[in-house]
Participant: 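Can you read through this structure? Questions will come right after.
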Amino acid sequence: MSVRADIHARFKLNYAGFALDVDLNLPSQGVTALFGPSGSGKSTLLRCIAGLERAAGSLTVKGEVWQDETHFLPTHQRPIGYVFQEANLFPHLSVKANLNYGFKRQPHRHDGFSLDEIVDLLGIAHLLDRKPERLSGGEKQRVAIARALAVNPRLLLMDEPLAALDLARKREILPFLERLHEALEMPVIYVTHAANEVARLADHLVVLNQGVVQSAGPLNETFSHAELPQQASDAGSAIIEARITGLQPQWHLALAGFEGGELWIRDLSFHVGQTVRFQVMARDVSLALTADHSSSIANVLPAVVDQISDGDHPGIAIVRLKIGKNYILSRLTQRSLYSLGLSVGDSVWAQIKSAAIVE
Ligand SMILES: Nc1ncnc2c1ncn2[C@@H]1O[C@H](COP(=O)(O)OP(=O)(O)OP(=O)(O)O)[C@@H](O)[C@H]1O
């Protein structure tokens, strides 16, 4: 996705022992994940965007100034939907009444989804007459998301919407978030510290650390920075968005094409033309100086060494590789790195043992 700088946020805020200092351009479409360790300032930044914190600075959303040196639009006048960790539904109202409350009160012309479409998108039609106390955690959160959409926001803010749910409920709700991701035209800013949520949902990534932006940009590029703490570990990986370009039914394989190459992946009943996201674990990528097609590894792609970093053990190195416009990581021993004699800019062959669809 091309990044149009349609949200510009510049904030400075000081608490005792913590300072937020960011200057960000975010795209006006798709999901931007605010990612980083606990206490890095993700929620504080989201609250600044919502006007819940009065930070110094400015905020422009699609050409509208919400805040600058001279004026500050209060939260209730900002056309936002806000989803918190806890659903915060009105306990005495049915699901339908909770939704209508948002729908009636929306101050702006409703040119987004109809309430029926929102209900359908979140799969909550069968819950409309229930009170919140009779909903599961996952259902409550789906209703809370629907309520946030019912105000027809121009910007949807989500603060760890899955964090309060157990793994089963997270699994249940993620497909709905993915549907939202496909259907929504409005930008979504999504706070999380879960790498798997980033992998599934984000198009754009902002990594915060101690109140400052460590890196920001399109998902593949930003997520594959070897400096991100989890990338040095055995769980290090890259996310690539691709399109299914061919199928081999007799082998249950599908060919996933992306800018720079194509990979065989397991066929999960894909159809040609379908967009997929897959994850390549750094530990599943080995490097060679020549293209060796004699091994059992089907996926061998030409790549350029972009960055070399230390892993989480003195014997381990992480190599970031550029394949066309995409990046992947390779985890190898320092000894292998030494014997290959690699440095930044060198051409290599990346042997990718397996690539899995992000689930
Ligand atoms: N109202 C406040 N007054 C003082 N300090 C605050 C306030 N709100 C947040 N902080 C501090 O600011 C820092 C950033 O907090 P924030 O909640 O934004 O982090 P976070 O990245 O969202 O963390 P988590 O993932 O744990 O939710 C923390 O050190 C926190 O203690």
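Note that ligands are numbered from 1 as they come in the structure, with each ligand's atoms numbered from 1 the same way. All residue numbers in this chain count up from 1 along the given sequence.
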Participant: List, one per line, each side-chain donor-acceptor pair under 3.5 Å for residues 242-252, sequence neighbours excluded.
Facilitator:
| residue | atom | partner | partner atom | Å |
| --- | --- | --- | --- | --- |
| Arg243 | NH1 | Gly273 | O | 2.9 |
| Thr245 | OG1 | Leu255 | O | 3.4 |

Participant: Report all protein residues having a heavy-atom distance below 4.0 Å to some atom of ligand 1; order the list by chain, then number.
Facilitator: Tyr15, Phe18, Pro37, Ser38, Gly39, Ser40, Gly41, Lys42, Ser43, Thr44, Glu160, His193
Participant: Restricting to salt bridge (charged side-chain N to carboxylate O under 4.0 Å, His left out), what partner residues turn up for Arg331, sequence neighbours left out?
Facilitator: Asp234, Asp312
Participant: Please determine whether a side-chain nitrogen of the Lys or Arg among Arg142 and Glu139 lies less than 4.0 Å from a carboxylate oxygen of the Asp or Glu.
Facilitator: no
Participant: Ignoring hydrogens and angles, state whether a donor on the side chain of Tyr190 or Glu197 is under 3.5 Å from an acceptor on the partner side chain.
Facilitator: yes
Participant: With sequence neighbours left out, write down each residue that passes salt bridge (charged side-chain N to carboxylate O under 4.0 Å, His left out) with Glu69, or none if nothing qualifies.
Facilitator: Arg10
Participant: Under the side-chain hydrogen bond (donor to acceptor under 3.5 Å, both in side chains) criterion, do Gln351 and Trp349 qualify, and how do the steps go?
Facilitator: CA-CA 6 Å; Gln351 300 176 324; Trp349 292 88; over 6 Å; no
